[in-house]
Amino acid sequence: MSPLQAALVDDAGLFPPTALPMREALVRHRHDLAGGDPMLTHRFLCPVDRIDELRTGLADDDRIALGLIASAGISDTALAAAAARVDADPRLRLALVEIACEPSDLDAALPAAMALGTPVFVESPDRADTPRLATVLAGRGAGLKIRCGGVRAALFPHPDEVAAALVTAAAGDVPVKATAGLHHAVRQRDSATGFAHHGFLNLVLAAARAAAGGGPGAVTAALASTDGPALAAEALRLPPDGAARTRRLLRAYGSCSTATPPAEAAAFGLAPAYPTEGQRS
């Protein structure tokens, strides 16, 4: 396993476009835990308002590392109550928290999330504010969440938008987590929707360039590339200290599929070959 890819992918099976029912999402997550694919973080992402549904679906022997996802507008009280229910359940362990707030509201929103004692990543509801949020987060001990896609074309940011956020985060030593739209290794246009999706390998190489002090142009070029072999070759050339810097910046991303990222990383020689979802048992 390339150190660039290890423990990179969070399980976002509950979220669109896959949006698995809770029972199916848990079955898949158990299979992934048993399989032990090293590219997966083995964290299960769940919205705050579905914690009770999650607990109902758990088996007695489940032991799940949980990422608690709070959408914009969820109160500090609701977040704390959800975290308390997680803490009270021996089958769950709170592993991270993601919240959404405007940069101007950070002073009010961040303390309650930080008080939960796990890594916290913050997303701006207005994507245009993401670089400014990265600046405001510097020195606060929390990370930046970058949204890379969604269910509408307008939710997919241009490469230069993502680059601006990465460069700003790198300059402020703010860790980054990404979400949505990163369905494949390399940037491509979805034949069914026509949406131009960012690739997770593009994102990793963009983070590598940003972490090395690269400017917006170089980072944008990595995000815009559709040359998979060239991106893989750059990843394989990165020295260990460069890989470490990259992953200090880019911590993980959420994926609806937990089989496609490892399979495509393996195809580029960046990961061992593991069974697909349909082959896992």
Side-chain angles (χ1 to χ4, degrees), residues 5 8-21 24-25 28 39-40 45 47 69 71-72 98 100 121 123-131 133 144-167 176-210 216-235 250 252-268 270-271 276-278:
Q5 308 291 323
L8 180 66
V9 180
D10 281 337
D11 184 346
L14 291 177
F15 294 83
T18 300
L20 293 173
E24 292 180 23
R28 189 183 78 176
M39 191 172 174
L40 306 181
L45 304 184
I69 313 301
S71 58
E98 301 178 16
F121 290 85
E123 176 184 5
S124 173
D126 183 348
R127 196 178 72 223
D129 279 340
T130 303
L133 179 59
L144 176 71
K145 181 177 174 181
I146 300 176
R147 185 163 296 273
C148 294
V151 295
R152 303 188 310 276
L155 296 176
F156 287 80
H158 189 275
D160 60 9
E161 295 180 60
V162 180
L166 285 172
V167 169
V176 169
K177 192 172 185 291
T179 190
L182 296 157
H183 296 171
H184 294 282
V186 179
R187 182 174 178 82
Q188 60 184 266
R189 189 170 297 278
D190 185 277
S191 59
T193 64
F195 301 163
H197 284 252
H198 292 280
F200 67 79
L201 184 54
N202 297 80
L203 182 66
V204 168
L205 268 299
R209 294 182 184 187
V219 178
T220 298
L223 289 162
S225 175
T226 56
D227 189 340
L231 290 168
E234 182 177 346
L250 178 62
Y253 79 94
S255 175
C256 295
S257 171
T258 53
T260 299
E264 294 195 5
F268 284 114
L270 298 171
T276 64
E277 284 167 351

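Bear in mind that the values here come from a model prediction, so they are computed numbers and not experimental data. Computed from heavy atoms alone, side chains included, the values below leave out hydrogens, waters and symmetry copies.
Taken from CG in Asp129 to CZ in Arg127, the straight-line distance is 11.5 Å, to the nearest 0.5 Å. In this structure, CG on Leu201 lies 13.5 Å from CZ on Arg187, to the nearest 0.5 angstrom. Rounding to the nearest 0.5 angstrom, the gap separating the NE2 atom in His184 from the OG atom in Ser257 is 8.5 Å. The distance from atom CZ of Arg28 to atom OG1 of Thr18, rounded to the nearest 0.5 Å, is 6.5 Å. Here the SG-CG distance, from Cys256 to Asp10, works out to 12.0 Å after rounding to the nearest 0.5 Å.
The shortest side-chain heavy-atom distance between Leu231 and Val204 does not fall under the 4.5 Å cut-off. Taking the side chain as every heavy atom from C-beta outward, Asp11 and Leu40 never approach each other to under 4.5 Å. Considering only heavy atoms from C-beta on, Leu203 comes within 4.5 Å of Leu223 through its side chain. Contact of the Ile69 side chain with the Leu14 side chain is not registered, since no non-hydrogen atoms from C-beta on lie closer than 4.5 Å. Between Pro262 and Gln5, every side-chain heavy-atom pair lies at or beyond the 4.5 Å cut-off. Two residues are said to be in side-chain contact when any heavy atoms from C-beta on lie closer than 4.5 Å; Ser71 and Pro47 fail this criterion.
Between Ser255 and Val9 the shortest heavy-atom distance is CB-CG1, 3.6 Å. For the residue pair Leu270 and Ala235, the shortest heavy atom distance occurs at CD2-CB, 4.0 Å. Shown here for Thr260 and His183, the closest heavy-atom pair between the two residues is CG2-O, 3.4 Å. Closest heavy-atom contact between Ala180 and Arg147: CB-NH1, 3.8 Å. Between Thr220 and Ala163, the shortest heavy-atom distance links the atoms OG1-CB, 3.2 Å. Shortest non-hydrogen contact noted between Ser124 and Asp126 is OG-O, 2.8 Å.
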Worked check of side-chain contact (heavy atoms from CB on, under 4.5 Å) between Thr179 and Phe15: CA-CA 10 Å; Thr179 190; Phe15 294 83; over 6 Å; no
Pair Met39-Phe200, side-chain contact (heavy atoms from CB on, under 4.5 Å): steps then yes or no: CA-CA 12 Å; Met39 191 172 174; Phe200 67 79; 3.6 Å; yes
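In terms of modelled atom types and a separation under 3.5 Å, the side chain of Glu264 and the main chain of Ala185 share a donor-acceptor contact. Asn202 places a side-chain N or O within 3.5 Å of a backbone atom of Ala222 that can act as its donor or acceptor partner. In this structure a side-chain-to-backbone donor-acceptor pair under 3.5 Å is present from Ser225 to Asp227. Of the possible polar contacts, one joining the Glu161 side chain to the His158 backbone as a donor-acceptor pair under 3.5 Å is found.
Less than 6.0 angstrom separates the ring centroid of Phe156 from the ring centroid of His197.
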